[in-house]
Each structure stands twice: as structure tokens, then as C-alpha cells.
2 protein chains.
Amino acid sequence: MDSAERVDLVIARLKDTGEVAVAELAEASGHSEMTIRRDLDRLESQGVLRRVRGGAVSLVPRGQEPPYVLRERQAVEAKRRIAAQVAALVPTGAAVALDSGTTALEVARELAGRPVTVMPLSLQGADVLARSAETTVLVAGGEVRPGELNLHGPLAEASLAAVRFDAAVVGCCGVSAGEGVTAHDLQDVAVKRAMMRSSQRTIAAADSTKIGLVTMGHVCPVGDIDTLVTDDGAPEDAIAEIRAAGVDVVTV
Amino acid sequence: MDSAERVDLVIARLKDTGEVAVAELAEASGHSEMTIRRDLDRLESQGVLRRVRGGAVSLVPRGQEPPYVLRERQAVEAKRRIAAQVAALVPTGAAVALDSGTTALEVARELAGRPVTVMPLSLQGADVLARSAETTVLVAGGEVRPGELNLHGPLAEASLAAVRFDAAVVGCCGVSAGEGVTAHDLQDVAVKRAMMRSSQRTIAAADSTKIGLVTMGHVCPVGDIDTLVTDDGAPEDAIAEIRAAGVDVVTV
DNA sequence: CGTAACGAACATGTCTGGTGTTTGAATGTC
DNA sequence: GACATTCAAACACCAGACATGTTCGTTACG
């Protein structure tokens, strides 16, 4: 069991019971207690949990979005496939607004090096794209959320309003036919709306675990999306409902 | 002779004669020709030179600004001392606009972790500052210059115009009493002016090699600077002239 | 005061990045 | 067109970085 698997184990236990013990994890993973402690220390510095004597307790309240360092470990393969499909939908020379989040970051990796114009809404996205001389990067302004490194606030919205895009690539926390596109954070909602306002088309990217989910911040009715790219793990009926709303759903 | 020294050697030869030979460099550095080729390939991808059969020729025209990868190797110690002094001039809780460039990046490193609000004009600066949760990072929008990773254009100027700062920290390519503050790039000039317009004070940071230099883009008369931080290598009379214009010159 | 947990320090194994050598292909020169 | 030089891909090698385990003195809790 390597480092990544151990973290997964810790996360699973935390989700289950809200706390973990060093000795128990060492037993379950087959590694020494010292290694477990180092894992937990790292996760503590990332804001995932808080160390207590003998173990750790969860810091991620139920219903809230897990921190970036956890989300980037989830559905990695699906996100990569989705990102490749999204990038294929962006023609050469196009201008796109690119959301923050782990899926959008994969899209950035796919777009980097292609002759397109991209406005990323996160610093990681900007970093990835700016390495390539072929790609024009027009970074949005805004306040940076620590840890998440996404851009939000009035400056971000003003940046988006100042440009017109061929497409907006939007990540999200939930997509359902009834409640539409939803996100965890209200400031993100405002940014996503601004992206869509400035774009001719909206491409939503969401792995299948997001299909059918509803979170707090309402972005738009599902019909406002032009294309939804997801993986093939989503329930058939949920996809059918979304299609019925006029969305072009692409599964990869 | 390690990798960094070899690059220095290449740069020195290029500055001297405008071209270098693989065999000659291998001889001089005591490494194999293959290693020299790899060095040159790397420098070519960074835009410093162009490979030709048997060697390479310089791509940096005289009078133009050398690429970022070269500037960051120059006067490192002086830049660090200057940056520490600049950071000391920024009080806790202040809001500052922070220029792009190698000196400003050092200032970002000094400011990171302190409870201040910073608007960096470069992606590297944003990266450094965003790692710390204490520091509020309000990144400027704008187009990203490849290689340099600084932000410019109307979006950057609009971002600056939308905020008011306690201080603008401006890097520059030249400072002289007669010609004032100058930069190599006209788009950078516009950004620097926008920074100064939105700020109560202007702090210029320039190592002593910049004192007395004049480059193409005129930013402002020297009297528009409130404080100039430089190292103690600058000629006495040039410093005296700048002081006579009403600038508070700090040498470290 | 005793036990369990902690963390600093050191040792070990693994992996990656930089370097050298070889070799066949490509390119320039005559 | 023939030859010499240069190039780059492939492989081997080494050093430094990183992860892990062990030991041991210190600290916290009952």
C-alpha cells in the first residue's frame, strides 16, 4: 500500500467515523506508526484534518466541499478523459473561458500548446497554459482563494465582462435535470454566471459522480448548458432527463 | 563546473562574440559535447539562443532586455537585500501593487505570509503569495507574456484602476535624474503608470546596475518616485542627483 | 508516577535527474 | 556523390532527493 492509498484510507475512515487512530491505520496499512504520523501531519498542513493525541479528527464538515487536495485525487482517470473530450470541442483559434477546479485544470493541460485563447479562472490553470508560447493566456483578475487558488470577486467578473468568448468551459459540483447546475460556493456561482454571459456556448464538464447531485449555489437551469461532457458511470435515467432538457450530453 | 556555471559561460561567450561552438564549450567546461548540446537545447527552448550546426548564436539583440531566465541570475544577492528593505517599508495591513520582474518577485517572497493585501502583476508573484493563507492576493487580470509571465494590456490596467493602494512597488530597467524612470517595454510602461496612478506612494526597486541607465520606454520623471531602494554599488553623484529631485533614496 | 504517544535523528531503500558513452542517422563540405 | 562532422536516440551510471523504518529521549495524559 503506497502513500496515495494510505491517504485514501485515511479519508475513507474520516468520512465514516469522523476520526482515525494512528495505531489502527498502521495496522490496516501495514506501515509503521511513524509513517502514519507523517501522513497525518501532511494532511493537517493541507487543512484536511486536525491532529489529536493518538490520531486525528476530520475538519471537513458534511455537506461542504472537500479541499482541493482531496478532490484532485478523485476520479482522476475519468476527469482526464472528460478533459480530452472538452478540448476536442474547442476549435483551433477559439477563445474560451476556463473555470477553476480539478476537471478544468485537466482541460487546461489538454489545451496547452494549441493555438487558442484561454482565460483561466485559476492560478494553476494560468500556470499550465502560460508555459506554452502557442497559447494566448488572458488571465482573469480577482481575489485568490487560498488553497483553492481560484479567482473570484468583482474583479474576476469585470474581467469576464470585458471579453467575449466562443465557449465557456464550466466545472460544477452538481448537475440535475430538476435543479440545474449547482456549485458549493456562492462566489463561484457568480463567476460561472459571468463566464456564461460572455460566451456564445457553454460546455459543462462533470464526472458521473456529480450527475444528479444538488448543492447549495444555483448557477442556471440545466437547459442553459449547450453541451455536457461526462463519463459513462452516470445513471441512464438522469442522463435521459438532462437530454430531454435540450442538452447535448457527451459521455466518454 | 556545474550546470549553472556552464550556462554562465555560454552567456559570457555569447555576449562577447555573439556565437559559441559546442566543441569549444566542451573543452572549456571539461564536460562532454552531449552535455553541452543539452545545455544549448534548454537555452534555445528558453528563447536565449538559436542552435546552429556546431554551436549556437545569440538571440538577444543589443539594447533589448535579456530574457527572464537570464535576468534572474543577475545580482541575486543585491535583489534579495533590496527586496527585504522594500518589504520593510510596507506596513502590516497595507495594500500594495507589485510589479513584475525578478526584483519584485523577491519582494513577493518577503511579503508572503504577512497580513497584507497584494496585487501582483505577474504569475510567479501570484504563485508565491497565494501559498500563504495570511496574505490576501488580488491578482490583476491581463494578457500573460510567455516566458516573462507578467501581466499587461487593458485588462491589467483596468484591474489596477479598480483598486486603490497604499503603495506601488515598481521595478524598472533604468533610473536617472535626467530621464527619470524607464522600462524596455511600452506595455510595461502603461502598467507601471497605472500602478502609480492607483497608489498613494511609489516605491521603486532597482539594483545599482540600473542607476543612470536610460531605456526606451519613459515611465515618469524621477521626482514622481517617493522612495528608491537600491544597493550601495551605485555612483555617488547619480544618487545625489536623484536625491536632489526630492526622492528618498535608501541604499542597502 | 507510569504508560502511551510523540518527534527528532539517523539508516536504508527507491527513484529521479543529470551526465557520459555508444551508435546509427542526418547534414554540410568538398 | 563521398567524406567528415554533427546530431540525437538509447543505454548505463552516479548523486542527490524522497519516502520509509528504527531508535531513543521527551512529552502528555490518566
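When reading the values below, keep in mind they use all heavy atoms of this one structure, side chains included, and skip hydrogens, waters and symmetry mates. To find a chain, count down the sequence lines: A is the first, B the second, and so on, and within it residues start at 1.
- Using a 4.5 Å cut-off on side-chain heavy atoms (C-beta onward), B/I82 and B/T103 make contact.
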Return all side-chain donor-acceptor pairs below 3.5 angstrom for residues 112-125 of chain B, not counting sequence neighbours, or 'none' if the list is empty.
from   : atom 1 : to     : atom 2 : distance (Å)
B/R114 : NH1    : B/A87  : O      : 2.9
B/R114 : NH1    : B/V90  : O      : 3.4
B/R114 : NH2    : B/V90  : O      : 2.6
B/S122 : OG     : B/G125 : N      : 3.0
B/Q124 : NE2    : B/Y68  : OH     : 3.4

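- For B/E148, the salt bridge (charged side-chain N to carboxylate O under 4.0 Å, His left out) partners at least two apart in sequence or on another chain are B/R71.
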| said: Could you go through B/D231 and B/S208, starting from their C-alpha distance and side-chain angles, then the distance that decides it, and tell me whether this counts as side chain to side chain donor-acceptor pair (under 3.5 Å)? | reply: CA-CA 6 Å; B/D231 60 283; B/S208 58; 2.8 Å; yes
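- For the salt bridge (charged side-chain N to carboxylate O under 4.0 Å, His left out) condition, the pairs that include at least one residue of residues 80-94 of chain A, sequence neighbours left out, are A/R80-A/E106.
- A search for side chain to side chain donor-acceptor pair (under 3.5 Å) contacts involving A/E24 returns A/R13, not counting sequence neighbours.
- Residues of residues 27-40 of chain A that place a heavy atom closer than 4.0 Å to DNA chain D, in numerical order, are A/H31, A/S32, A/M34, A/T35, A/R38.
- Smallest separation of non-hydrogen atoms from B/V175 and B/A206: CG2-CB, 4.2 Å.
- Considering only residues two or more places apart in sequence or on other chains, A/M34 meets the side chain to side chain contact (heavy atoms under 4.5 Å, CB included) condition with A/S32, A/R37, A/R38.
- Heavy-atom neighbours of B/E44 CD from other residues, nucleotides or ligands within 6.0 Å: above the threshold of 12.
- At its two ends the helix from C/dC1-D/dG30 to C/dC30-D/dG1 runs along axes set 40° apart, each axis drawn from five pairs and the angle rounded to 10°.
- Applying the salt bridge (charged side-chain N to carboxylate O under 4.0 Å, His left out) rule to A/R51 yields the partners A/D41; only residues at least two apart in sequence or on another chain are considered.
- Pairs passing the salt bridge (charged side-chain N to carboxylate O under 4.0 Å, His left out) check and including a residue from residues 115-135 of chain A, sequence neighbours excluded, do not occur.
- One finds a side-chain N or O of A/R51 lying less than 4.0 angstrom from the OP1 or OP2 phosphate oxygen of C/dC6.
- The CG atom of A/D41 sits 12 Å away from the C1' atom of C/dA8 (whole-angstrom rounding).
- Of all non-hydrogen atoms in B/V139 and A/A140, the two that sit nearest each other are CG1-O, 4.1 Å.
- For DNA chain D, the outermost nucleotides in 5' to 3' order that have an atom under 4.0 Å from a heavy atom of chain A are D/dT20 to D/dC29.
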| note | Going 5' to 3' through nucleotides 25-30 of chain C and flagging B where a protein heavy-atom sits under 4.0 Å of the base, S where only the sugar-phosphate is that close, and - otherwise, we get -BBS--
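- The salt bridge (charged side-chain N to carboxylate O under 4.0 Å, His left out) check on B/D39 picks up B/R6, B/R42, with sequence neighbours excluded.
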